[in-house]
Amino acid sequence: MNEVEFRNWLANKGVNKKVLGDTISRLKRIERELENCDIDEQYHTDKCEYLLKIFLEMGNNDEMKKYPNIKLPIGKYYMSTYRLALKKYIEFSDDVTLNS
């Protein structure tokens, strides 16, 4: 994940520091928990479609079951915040790609 640029991008969008930090923490946790996945690599592969699929239905799906040792709040409303963090990172990556 391109943390520094993403942090600056969020700040420029007016995101407050608490939300900004929470968003980055969630993305780091996704990378760590999903067998050290690389969100940038996922973006270049399929614009994170696979990752978004994992977080559908609060993680209650067949894709998430492929990760039996994952330590995320599966089935809890809180799972939607991970999906939102991914969507923000996709938006950032689209923006960077468009402007390069």
Side-chain angles (χ1 to χ4, degrees):
M1 168 177 54
N2 189 343
E3 183 180 341
V4 174
E5 281 187 39
F6 183 52
R7 184 178 295 276
N8 292 335
W9 183 84
L10 286 172
N12 289 336
K13 296 276 184 193
V15 174
N16 77 46
K17 284 187 178 184
K18 169 82 171 101
V19 173
L20 192 150
D22 289 349
T23 301
I24 289 172
S25 290
R26 288 183 187 112
L27 293 172
K28 284 181 176 180
R29 188 168 179 196
I30 289 169
E31 287 186 322
R32 203 173 46 246
E33 293 289 334
L34 293 178
E35 298 170 2
N36 295 312
C37 87
D38 181 329
I39 291 177
D40 288 321
E41 197 175 290
Q42 290 290 324
Y43 178 80
H44 292 297
T45 302
D46 66 358
K47 290 202 176 198
C48 297
E49 284 299 316
Y50 176 71
L51 290 178
L52 289 171
K53 214 185 296 182
I54 290 174
F55 287 90
L56 276 175
E57 297 171 21
M58 295 181 284
N60 285 322
N61 59 62
D62 290 337
E63 293 303 320
M64 186 64 84
K65 288 177 185 161
K66 294 177 183 176
Y67 302 94
N69 299 324
I70 201 162
K71 292 178 181 75
L72 289 171
I74 296 169
K76 305 269 193 288
Y77 173 75
Y78 188 64
M79 281 294 279
S80 62
T81 62
Y82 288 91
R83 191 170 161 81
L84 180 62
L86 277 169
K87 286 181 176 184
K88 283 288 170 200
Y89 197 78
I90 293 165
E91 190 181 329
F92 155 74
S93 297
D94 287 345
D95 214 21
V96 168
T97 303
L98 210 66
N99 295 320
S100 60

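Smallest separation of non-hydrogen atoms from Cys48 and Ile90: CB-CD1, 3.5 Å. Nearest heavy-atom pair, Ala11 versus Leu20, reported as atom, atom and distance to 0.1 Å: N-CD1, 3.7 Å.
Taken from NZ in Lys65 to CD1 in Ile70, the straight-line distance is 14.0 Å, to the nearest 0.5 Å. Here Asp62 contributes atom CG and Ile54 contributes atom CD1; the two are 12.0 Å apart, rounded to the nearest 0.5 Å. Residue Leu51 holds its CG atom at 11.5 Å from CG of Leu56, rounded to the nearest 0.5 Å.
In this structure, Glu63 pairs ionically with Lys66, as a charged nitrogen and a carboxylate oxygen lie closer than 4.0 Å.
Using modelled atom types, no side-chain atom of Glu33 and backbone atom of Leu72 make a donor-acceptor pair closer than 3.5 Å. At least one donor-acceptor pair closer than 3.5 Å links the side chain of Asn12 to the backbone N or O of Asn8. Without hydrogens or angle criteria, Asp40 side chain to Asn2 main chain gives a donor-acceptor distance under 3.5 Å. The backbone N or O of Gly59 lies less than 3.5 Å from no partner atom in the side chain of Arg83, so there is not a single donor-acceptor pair. Judged purely by atom type and a 3.5 angstrom limit, Tyr89 has no side-chain atom pairing as donor or acceptor with the backbone of Thr23.
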Glu91 and Lys88: CA distance, side-chain angles, deciding distance, salt bridge (charged side-chain N to carboxylate O under 4.0 Å, His left out) verdict: CA-CA 5 Å; Glu91 190 181 329; Lys88 283 288 170 200; 3.6 Å; yes
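With sequence neighbours excluded, the residues that form a salt bridge (Lys or Arg N to Asp or Glu O under 4.0 Å) with Arg7 are Glu3.
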